[in-house]
Every structure is written in structure tokens, then in C-alpha cells.
There are 2 protein chains.
Amino acid sequence: MVERFGRRIPEPTVVRLPLYQRVLRDLALGAVATVSSAELASACGVNAAKLRKDLSYFGTYGTRGTGYDVGYLLGQIERELGLDRERCVVMAGMGHLGHALARSPGFMSGGFRVVGLFDVAPSVLGEIVAGTGVAHISTLPDVCRQTGASMGVITTPASAAQDVCDQMVASGVNAILNFAPSVLVAPPSVHVRHVDFSAELQVLAFYQAHPEPAEAASDLGAGLIL
Amino acid sequence: MVERFGRRIPEPTVVRLPLYQRVLRDLALGAVATVSSAELASACGVNAAKLRKDLSYFGTYGTRGTGYDVGYLLGQIERELGLDRERCVVMAGMGHLGHALARSPGFMSGGFRVVGLFDVAPSVLGEIVAGTGVAHISTLPDVCRQTGASMGVITTPASAAQDVCDQMVASGVNAILNFAPSVLVAPPSVHVRHVDFSAELQVLAFYQAHPEPAEAASDLGAGLIL
DNA sequence: GCATGTGAAGCAGTTCACAGCG
DNA sequence: CGCTGTGAACTGCTTCACATGC
């Protein structure tokens, strides 16, 4: 056992937990009772040793000679991800992307509750999106304090992102998911994650422009897993 | 110099290139002529030594004692990212997210041209989104071959993602950006990147549920950058 | 016998620190 | 004299390999 108490979970491990959670949920829906690390790792597209090491950071959840109980492991991972308690989320920027995310069934579910949608454009103020009305950004502090919202999603243009970020932080939000193409500055106590679609496309373009010296030599079938 | 020819660029470096590009573009718009690695790194929220090492993989673009010429460095990075030539992109899945991405000014610009939007739902077939008509997925192979599209974006539900991926690969697409919450299997010659919104939220939830043992002790001001 | 859990080894990316050059 | 470019040190994730235990 590495560190059951002394928390020091590698970030790459944390990032893989949602993946494990989703695949385990699919297995559970398929009435699969147990999985070995090799099977689960294959379904997740990762190395089996890495999967076992990831899980070992949190506890001893498997049975030697058998594998993992799907339902039990799923529950443990969801507990570690903090999905057992509901979290209130506010979102600023109700353009096309904001609308899409607010309506997305997969995005705002499983422990995340939208308690406020905000913008400044009169054309969207008052509109009801997925059951929540769009309010003016100036009411964000009140909504955050009343609901105790601790998470914020920024889908504004880049020019407004830092300002919105500051307002969220001042209103008690300590975890921010930023979709705007701008570098946010926030206190160290606030966790910020950045998602940049066009950057992802550019990374793909880079790899197209820089083909591997010796790649795709033995491309027999689609034997990707393992 | 490390490897001007023998390409072996670390992936983290590649992922940071679009960030540098965007910040440099902003500097250029602000009529800034030169930047030091410290200034640029600060604006990007990264370490200065890391920035210099990243650039050194591609060449010697700076001037000792002075810094980097903004316009020249920007051009070099855009060339490395392959943004000098236009790339044709097809997108499958025209739900809310697909609509939002197709309309996004920042997403489909700068070297990326949408040549096809696809779905299966009669309710969206024929609709014009951002100047392109939505066609049935069965026409994807024809469009890819006619336009030579090499990049694909998947915004379908998870249940359709692998099928769409297979069709794209069979049609000559060798770079795929997947927004569906599913693990795609593709030949090694095809580059796949995955963006998962809800996973990002879950990662934030994890860090909220696991506060650092000794965090935010000296939180004087927002002195985040250096 | 078989699959987990984990020290130890290996490897990759980051950071340091300074020589080299404008 | 300042800032880049980079070998070297360092840190940390990944992978291996096997003892452990069902």
C-alpha cells in the first residue's frame, strides 16, 4: 500500500478516474459482475499495470485470482470523485456553446446541478434553458451565496473570461472549467481547468504535418487493444 | 540544438504550441515587436525555461540579450502547426454541440474548412449551419473522397461514435477529434484526441473533495504568475 | 493457478544553472 | 550586461516483474 491516508494522487491518475467510472458503469449496465485489471484496462485503452497502480492509491479493492467486483469498484471510484454529494454549478456565457452544454444530458448530470445561467446580452436574458432562466451576470454573486455554488463554467468570449472568473472567485467559487480561449489568473486555492477545442484541432494538424518517421508499418487489422 | 531534423517532439510540447500561438497573436495585434521568454511564459502561465526548451526543439528563433521577434516567432509556430495549408474537416453529429461547434468562429477558422456536416435525424437533414448543409451520414465517404478531407470531428452520442469513427477512417480521415464519451478504437496511423466535458467537471469535483493537506496557506493577493 | 498489489527499474518531461552570444 | 539555448540534475509517471494471497 502506498498512501492510504497521506494523499498525493498523481494528476494523470485523477484524470483517468472519470474514464474508469464511465466504463465500469457501462459494464454494470451490461450485468457484468467482475472484471480483471486486464479486461478493464483494455476497455479503457490503458495499460493494466497502470490501472492497478491507479486503484492502489485509493485502497485494496480487488480479489487476487479473481479481479474486481464491478459494482463495488464503481462505488468506490464515485466516492473518490466526490460524486456522492451534489454540487451546485453556475455557468456564464449563454452563446451557442453555453446553450449546448446546459442542455447536454451527459454534462450536467450525475451530481452536478445547474443553479444559475448568466449572460449580459438582452437577447438571451430571461430565456429558459433546460429548466433554468438566464439572468444578468450582475446577479451572479447573489445566486452563488444563496445556493452555495462552488463550481463555475465559463463559456463567454475570451474578452470577458477573466472578468467573469474574478467575479466567480469573489463569489465563493473555487473550481472553474474554462472554455474561453484565454489564460485565467486565479488564486492558488482555486482549481482551474481549461478546454480549448481549436487547440485540439491544431494539435491534430501538427501530427498530420509531422508524420512519424516509421509509423504504421505493421498495420494488420485494428489490433489496437493490447 | 537538440534535434532539428530527427523529429521527436514531446507531446506536452505539442499541446502547448497552440497556446503560444494564440498569445503571440494577441501580442502582435497589440503591436508588440519583441518579447523575452520570461514575458511570454508569464502571459501563457508556464515556466520560462520550459518555453525556451519547447521552442528549441524547432530551431533557434530568439536573439540573445533581446528576446524573440513576435511576428517571426508566430510565423514559425504556425508553420510547425501546419496552419499554413488549409485542412478539410468533416463533422458527424449535429445535435446542440455539433451546431455550436460548427457555428463557433474560433473553432472552425484559421486553416480549417468545414466541408461536410452529417447526421441521421430527418429533423436536421438539409438544414444549413454556418453555410454548410447537413447531409446523411451515408454520404460521408463520397464527400471525404471528393474533398480529400483528412480530419473528422465526432459529436454524436456515444452509441454511434465507434461506427462513425470506422466510417471516417475507411474514408481516408486520419485525424479525429472525439467529443463523444466513448473509447474509440482506430488503427495506429490515425490520430485520435478525446475531449470529455463531464470528465473535466469530475476532475474538479475530485479536487474539491480532496483538498490539499496544506494548501492556500500564503494566499496573499493573486500573485499567480511567477 | 491466477490475478492483485507493489517495490524497483526505467523513462520522460521539467527545472536548474550557466556558458555563449548579441 | 541581458537573455537565449542547453547539458545536467531532478522529479514524477509508467512499466516491469514477482511476492502475496485468494
Side-chain angles (χ1 to χ4, degrees), chain A residues 1-17 19-20 24 27 32-70 72-73 76-77 80 203 206 212 225-226, chain B residues 1-17 19-20 24 27 32-70 72-73 76-77 80 203 206 212 225-226:
Chain A
M1 125 184 17
V2 176
E3 297 198 359
R4 204 55 32 77
F5 269 91
R7 333 214 93 93
R8 178 80 287 138
I9 314 295
E11 186 182 308
T13 294
V14 175
V15 170
R16 283 188 292 268
L17 289 183
L19 171 64
Y20 301 154
L24 281 168
L27 288 175
V32 177
T34 59
V35 269
S36 66
S37 63
E39 291 164 343
L40 182 54
S42 168
C44 294
V46 304
N47 177 295
K50 180 151 61 181
L51 169 63
R52 290 202 300 275
K53 172 87 60 179
D54 283 344
L55 298 181
S56 77
Y57 290 128
F58 300 104
T60 299
Y61 298 146
T63 305
R64 290 168 197 242
T66 307
Y68 300 89
D69 181 277
V70 171
Y72 180 69
L73 182 56
Q76 293 303 314
I77 289 181
E80 289 295 338
V203 169
F206 176 91
E212 300 292 323
I225 297 183
L226 275 201
Chain B
M1 122 183 20
V2 176
E3 296 197 1
R4 202 57 30 77
F5 270 90
R7 331 214 94 92
R8 178 78 285 135
I9 314 294
E11 184 180 309
T13 295
V14 175
V15 170
R16 284 188 292 267
L17 289 182
L19 172 63
Y20 301 154
L24 282 168
L27 289 176
V32 177
T34 60
V35 268
S36 66
S37 64
E39 291 165 343
L40 182 55
S42 169
C44 294
V46 304
N47 179 294
K50 180 152 61 182
L51 169 62
R52 289 202 300 276
K53 179 142 314 229
D54 284 344
L55 298 182
S56 77
Y57 290 128
F58 301 103
T60 299
Y61 297 146
T63 306
R64 290 167 196 244
T66 306
Y68 300 90
D69 181 277
V70 171
Y72 180 69
L73 181 57
Q76 293 304 314
I77 289 180
E80 288 296 339
V203 169
F206 176 91
E212 302 291 321
I225 297 184
L226 274 202

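Here is the naming used below: chain letters follow the sequence lines, and residue numbers restart at 1 for every chain.
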Looking at D:dC18, I'd like to know if its phosphate oxygens (OP1 or OP2) sit under 4.0 Å from a side-chain N or O belonging to A:Arg52.
no
Between the OH atom in B:Tyr68 and the OG atom in B:Ser37, the distance rounded to the nearest 0.5 Å is 5.5 Å
Look up atom NZ in A:Lys53 and atom OG1 in A:Thr13, then write down how far apart they are to the nearest 0.5 Å.
9.5 Å
Separation of B:Glu11 atom CD from C:dT14 atom P, in whole Å?
11 Å
Separation of A:Leu51 atom CG from D:dT14 atom P, in whole Å?
12 Å
Under 4.0 Å: is that the gap between some side-chain N or O of B:Ser37 and OP1 or OP2 of D:dT4?
yes
Using side-chain heavy atoms (C-beta onward) and a distance below 4.5 Å, is A:Ile77 in contact with A:Leu73?
yes
Expressed as a whole number of angstroms, how long is the span from B:Asp54:CG to C:dT15:P?
10 Å
Send over the distance from B:Tyr72 OH to D:dT4 C1', rounded to a whole Å.
15 Å
CG/B:Leu40 to CG/B:Leu24 distance, rounded to the nearest 0.5 angstrom?
5.0 Å
Looking at the side chain of A:Ser36, which of C:dT14, C:dT4, D:dG5 is the nearest nucleotide?
C:dT4
Starting at NZ of A:Lys53 and ending at P of C:dG7, how long is that distance when rounded to a whole Å?
7 Å
Given C:dG22, D:dA19, D:dT15, which nucleotide is nearest the side-chain atoms of A:Arg64?
D:dA19
Whole angstrom is fine here: how far is it from NZ in B:Lys50 over to C1' in C:dT15?
9 Å
Gap separating the CG atom of A:Asp54 from the CD1 atom of A:Ile9, nearest 0.5 angstrom
9.0 Å
To the nearest Å, give me how far apart CG (A:Leu55) and C1' (C:dG5) are.
10 Å
Per atom distances to the B:Tyr68 side chain, the nearest of D:dT4, C:dA3, D:dC16 is D:dT4
Calculate the interatomic distance between A:Tyr57 atom OH and D:dG12 atom C1'; express it in whole Å.
9 Å
Between A:Pro10 and A:Thr63, just flag the one whose closest nucleotide in DNA chain D comes earlier from the 5' side.
A:Pro10
Return whichever of B:Gly65 or A:Arg16 has its heavy-atom-nearest nucleotide of DNA chain D closer to the 5' end.
B:Gly65
